[in-house]
Novice: 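I am attaching a structure below and will ask some questions about it afterwards.
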Amino acid sequence: MNFRLLSFFLGKLCLTCGAALLLPSLLALYGDEKTAYDFLSSSLIAGSLGFFFVGYGNADGKGITYREGVAIVGLGWLIITLLGSLPYIFAGVLDPVSAFFESVSGFTTTGVTAFEKISSLPSSVLLWQSMTHWFGGIGIVVVFIALLPQVGSGTVHMFNAEVTGPTAERVMPRIKNTALVLFKIYALFTLSAMLLLMLAGMSVFDAVTHSLSTIAAGGFSNYDDGIAHFNSPLIEGIITFFMIVAGSNFGLYYQASHNGLRALWQNTEFRAYVSIIVLMSIAIACNLYYNNVFNGTNSLRYSIFHVTSVISTTGFVSGDFNNWPTFSKLGLLFLMVVGGCAGSTAGGIKVSRLVVLVKMVFAHLKGTFHPSMVFDITMNGKTVPSRVIAGIARFFFLYVVVFAVLSFLMAASGLSVVESISIIAATISSVGPVLGVAEAAFVYSEITPFGKMVVCLSMLLGRLELFTLLVLLRPEFWRSTRYW
Amino acid sequence: MNLKLVLFVLGKIALAFAGTLIFPLLVSLYYGEEIILPYLVPILISLLLRLAVGKFILKYRGRLSLRDGLGIVGLSWCFVCFMGALPYFLLGIDVISAFFESVAGFTTTGASSIKSLAALPASLLLWRSLTQWLGGLAIILVFITLVPQVGSSGERLFTAELHGESSERMMPRIRTTISLLGLSYTAVTLLLIFCLWLFDTSFFSAANYAMATVSTGGFTPVDGGLKQLNSPALEIVLMIFMLFSGGSYILYYKVYKDGLKSFWHDKEFLAYLGVILFFGILLAINLAANSRYEGWESFYQGLFQAISVITTTGFSISDYNTWPEFSRFCILLMMFVGGCAGSTAGGIKVARLMVLFKLSWSELKRTLHPHMVVDVQMSGNHVPSNVIISISRFFFVYMAVFVLGSLLLSLTGSLGMLDAIGIAASCLANIGPAFDMVAPFSTYADVSGTGKLLSCVLMIFGRLEIFTLLIFFSPEFWHSRKNW
């Protein structure tokens, strides 16, 4: 492990974080809020920590290897989330554990809040909440690679460790360019969402925060009752559209902009993703309608909104679930675990992994009767190597195990069976609110500090797709000796 | 498919089936219940079938192909489940409940939908237990000896491979192996009947309990089950025999050949004991911490429940549904574990989970050393990669069937979330009781008709280890034309 290199990159990350913290402090100064100095001092701490790390660190020498890439991403996330919790502590709005919880929930784009009343918070804090979403959404390291000049060779390892999905696809030959393209698309979608939301009648500030958290598939809202506050089908429609966008592969949009929209439909994962949304929306709408929860149009309106909100792992809420039938609740619960597409801002197992797994099962059923037949599992017309397939199957198992262990810990902290399962489902896939189990805010404020730490772990493990964090726990990882 | 061969075997099974139905008939005559027709009708139908088949095919010698093997397994399960339901039906139980009872028996699940057992004649109670015993026997004989030979490439070697028995070694002596396994199964049952009989239960109830225990079924001949007997000595005897029945018969065969040290060499058996002890202690701590029971009583209760759930028997001595939430969560987790491969227990099986855990562990190592060659071993034997793939595939399909099953269950009637999840997990693992609505000591009587049928499907899925059943749904199975 090249600790100097590690320190250099972590320092740069801290500096970026410090710069980002200046934005809400400017807003606070402008709005004459007393939180301005809390943000300034957090920014100062992040900045000086950054200078300290960079000072110790050393960028030249050997490039980044796999180990450093994973360590930078894993530790980077830990440091950034810790720094991000400082403003909440300084402003005195949350205790340290809850502040960390809030910060992790922001950066992992989960969007659960430890606040009991959001609407009474100063606007600078609200802006910081949405900003954490936005930076975490596409990945802090991706943002970092895209924005900073000269990051040296081997950034691919950093990129791979953070980008979600079974294989990190590169849309451009160079990682720096790939990150930049992804970042540009990300920013473009955010801006257009902002404009459309403003046109639909949101105030400027609401439009900014909501677009930031929609494109990041986050889920923080300025209001206690979330999107239901606006009670406007138009706003719900716009947000639904951008949630679908956020849950899909950003690299794919680059292809679509070059090869036409056909590229979208030719993508196996995107097709499966859209089909799941359509099928589940219809199923849940029927279920709601036949159980007399809503009338026809409202059933469709609420089912589409919540299905997209859950599968894109955004977690916006536009109604209450108290009298929803079991099928709808359970359906949403399982959709949480499915998650969006690879290379998106969404969490979860990812559609592409599930598609490969299902294809594997069908190939096996066919193969039973033709033992010597060679089967090809394809995605987008290309063969998936058997090494990747085995990796996906292993990932699925590990995901289920981590899920079981975390919900086991939640149950140990005193929650009920259904609560612990749904909280872990909602946080490991970075959805956020526990739709349908109880009032989301009620459940999360009930959690003990131990439970909150478990939830933080669940959010981080889910966002970094297990291996990046789990590998850090191995002592062997930190030993510098090489075996070959 | 070789219809002649399949019918020939089916005829034999029908004959054996008719033979076992004589037992309840005799009991009925002995107690003077005057119930003759309900048993005579299925006996006559089976004999007729045997005669009809025998008219065409007197003797058949030929090779059993995969298709034939699956055909035999599928058809005989259908035949036995329907015929087994006849006595219940002819005694005035509605069609669906009769079928449910029969399936629950033959799959050794032990879920009952009969509200009051006291109203049933003794001969029918005996038939209930007998169906379980037969189901268990079928698993021991067919799934340990026959299916591994005809199963598709991956599953073929699974059970034998894990115990270091190559199929070449078992095959020439298959007749001896089968009769040895059958004999030991019967001997264990007789031994248990004797033990139970010693502890002042009536011979009739001893026989019923013994058959339900050895087959890891879980039917009890009285309402209120073991709570009614309230005899610690008896419970301890049952615990020991449940523990035995959840272990592998192939291992016992090895112990018989090579002596007791085989126990020590078999890692699966050790892990199986370890898991039971682990959960038993967890339950005990939780129960004691909530001052549910005093001192050793909580350990006793916890251990009993851990054994009962992990061996997928489903006996209870107290209603775990009223236990603290953490205990309930542990029980839900245990439902997925299941017993050892090569036993009558259901579930995922300890051996599969061990392989998957070892695989994930080596994957963590391999992320650091991408070119490392991973060798997964069980009890010192190398596990071939096609077995590993088939195990991870099995795990995925198991979870997928669980998710789909609980979603479909949630559509039927008034099941809550935990009800739906619990019934799906419990039926799939052939345990029986679950939570809330179908807690221990209550029955499936309140589950709607569709719910019962769905549970039947899940039970059969679980029993036939999913793929055997899935293959029947694949169009390939029904094409008789060979492609090459």
Side-chain angles (χ1 to χ4, degrees), chain A residues 66-67 70 287 325-331 333-334 337 354 357-358 360-362 364-373 386 389-398 400-401 404 407-408 410-422 436-437 467 470-471 473-474 476-477 483-484, chain B residues 66-67 70 151-154 282 286 324-326 328-330 332-333 336 356-357 359-360 363-365 367-371 385 388-393 395-397 399-400 403 406-411 414-422 435 467 470-471 473-474 476-477 479 482-484:
Chain A
Y66 173 80
R67 276 167 201 249
V70 169
N287 188 239
T326 316
F327 172 77
S328 304
K329 292 182 187 174
L330 210 56
L333 182 71
F334 288 132
V337 185
L354 292 174
L357 286 170
V358 169
M360 177 173 84
V361 171
F362 278 105
H364 172 69
L365 286 182
K366 261 195 176 153
T368 316
F369 294 106
H370 310 294
S372 336
M373 199 164 152
S386 63
I389 297 176
I392 290 174
R394 265 193 304 262
F395 177 83
F396 180 79
F397 172 70
L398 200 63
V400 174
V401 168
S407 32
F408 174 81
M410 287 313 286
S413 84
L415 293 173
S416 81
V417 179
V418 176
E419 275 172 347
S420 17
I421 292 177
S422 9
V437 176
F467 280 110
L470 289 181
V471 164
L473 297 179
R474 287 181 63 86
E476 196 192 343
F477 182 80
Y483 299 98
W484 47 77
Chain B
L66 165 63
R67 215 176 281 253
L70 288 168
S152 56
S153 53
L282 273 181
N286 187 240
E325 287 293 335
F326 179 69
R328 297 211 303 165
F329 185 82
C330 287
L332 182 65
L333 266 190
F336 288 90
L356 287 170
F357 269 113
L359 197 65
S360 306
E363 178 69 6
L364 280 184
K365 251 190 209 162
T367 39
L368 286 184
H369 311 294
H371 299 291
S385 68
I388 291 180
I389 290 172
S390 102
I391 290 175
S392 18
R393 193 166 44 213
F395 182 77
F396 170 68
V397 177
M399 290 326 253
V403 164
S406 46
L407 266 181
L408 288 177
L409 276 169
S410 72
L411 275 173
S414 52
L415 297 178
M417 266 165 101
L418 189 59
D419 280 322
I421 292 176
F435 303 99
F467 275 105
L470 270 186
I471 285 169
F473 295 129
S474 77
E476 302 277 316
F477 179 72
H479 291 313
K482 287 214 166 193
N483 294 358
W484 47 76

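Below, chains carry the letters A, B, ... as their sequence lines are ordered, and counting in each starts from 1. Treat the numbers as computed from the prediction; the structure is a model and nothing was measured.
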Novice: Side chain, backbone, both or neither: which part of A:Ala412 has an atom under 4.5 Å from a heavy atom of chain B?
Specialist: both

Novice: Pick one of side chain, backbone, both or neither for B:Ser406, based on which atoms fall under 4.5 Å of a heavy atom in chain A.
Specialist: both

Novice: Using 0.5 Å steps for rounding, measure from the OG atom of B:Ser392 to the CD1 atom of A:Ile392.
Specialist: 11.5 Å

Novice: At a heavy-atom distance under 4.5 Å, which candidate from B:Phe435, B:Phe336, B:Phe357 has the highest pair count against chain A?
Specialist: B:Phe357

Novice: With sequence neighbours left out, what residues match A:Leu470 under side chain to side chain contact (heavy atoms under 4.5 Å, CB included)?
Specialist: A:Leu398, A:Leu461, A:Leu466, A:Leu473, B:Leu364

Novice: Do B:Phe329 and A:Ser407 pass the side-chain contact (heavy atoms from CB on, under 4.5 Å) test, and can you show the C-alpha distance, the side-chain angles, and the key distance before you say yes or no?
Specialist: CA-CA 9 Å; B:Phe329 185 82; A:Ser407 32; 3.5 Å; yes

Novice: Is the shortest side-chain heavy-atom distance between B:Glu325 and A:Leu415 below 4.5 Å?
Specialist: no

Novice: A side-chain contact here means heavy atoms from C-beta on lying under 4.5 Å apart; do A:Ile389 and B:Ile389 qualify?
Specialist: no

Novice: Relative to chain A, which segment of B:Ile421 carries a heavy atom at a distance below 4.5 Å: side chain, backbone, both, or neither?
Specialist: side chain

Novice: Under 4.5 Å from any heavy atom of chain B, what part of A:Phe397 do you find: side chain, backbone, both or neither?
Specialist: both

Novice: Between B:Leu356, B:Leu411, B:Leu409, B:Leu415, who has the most heavy-atom pairs with chain A when the cutoff is under 4.5 Å?
Specialist: B:Leu356

Novice: Is any side-chain heavy atom of B:Arg328 less than 4.5 Å from a side-chain heavy atom of B:Leu418?
Specialist: yes

Novice: What part of A:Val401 gets closer than 4.5 Å to chain B, counting heavy atoms only: side chain, backbone, both or neither?
Specialist: side chain

